[in-house]
Amino acid sequence: MIGHRPTYSALAEGEVVQGAIRNPWKPAAAYVFDPESRTVLVTMGRRWGRFTPNGKHVEGPLFEADPELCIWMSRPRPRNHHRTSRVVEASGER
């Protein structure tokens with residue numbers, strides 16, 4: 001791991017981090033953009049994966065991500081944008 005990138009253990013301790021969104025087709029999957037590494041971290045239960053903004057796998061045991069959500073999460077938007085300012089109140093373990 002390089003620098004101060006968020007790690008799976010820091011981000012997926014049963015709670016999804018502020019600014020993450022859930023995949024509507026796979027509610028267990030949460031997507032969050034890491035601006036330092038310019039990658040999208042996807043957590044699903046105890047599995048995780050880091051992906052490029054286009055959805056290409058970089059690292060981690062989770063090898064699949066929705067490329068459209070990776071693109072969407074990696075685009076600049078205001079800090080308190082209504083779509084990313086809070087996590088949807090739904091259990092990820094369905």
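Please read all numbers here as calculations on a predicted model, not as lab measurements. For this chain, numbers begin at 1 and follow the sequence in order.
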Answer whether the closest heavy-atom distance between the side chains of Lys26 and Glu64 falls below 4.5 Å. yes

Quick one: CG on Leu69 to CZ on Arg22, what's the gap to the nearest 0.5 Å? 12.5 Å

Hey, does the side chain of Tyr31 reach the backbone of Asp66 with a donor-acceptor pair shorter than 3.5 angstrom? yes

Thr52 versus Thr39: any side-chain heavy-atom pair under 4.5 Å? no

If the condition is side-chain contact (heavy atoms from CB on, under 4.5 Å), which residues does Pro53 pass it with, not counting sequence neighbours? Ser74, Arg75

Please determine whether a side-chain nitrogen of the Lys or Arg among Asp34 and Arg50 lies less than 4.0 Å from a carboxylate oxygen of the Asp or Glu. yes

On the 0 to 90° scale, with breaks at 30° and 60°, tag the His57-Phe51 ring pair as parallel, tilted or perpendicular. perpendicular

So do Trp72 and Ile21 actually touch side chain to side chain, heavy atoms under 4.5 Å? yes

Start with the C-alpha gap between Trp48 and Leu41, add the side-chain angles, then the distance that decides, and say whether side chain to side chain contact (heavy atoms under 4.5 Å, CB included) holds. CA-CA 7 Å; Trp48 64 276; Leu41 181 65; 3.9 Å; yes

Could you walk me through whether Val40 and Val32 pass the side chain to side chain contact (heavy atoms under 4.5 Å, CB included) test, one step at a time? CA-CA 6 Å; Val40 177; Val32 66; over 6 Å; no

For residues Ala65 and Cys70, report the shortest heavy-atom separation together with the two atoms involved. CB-SG, 3.9 Å

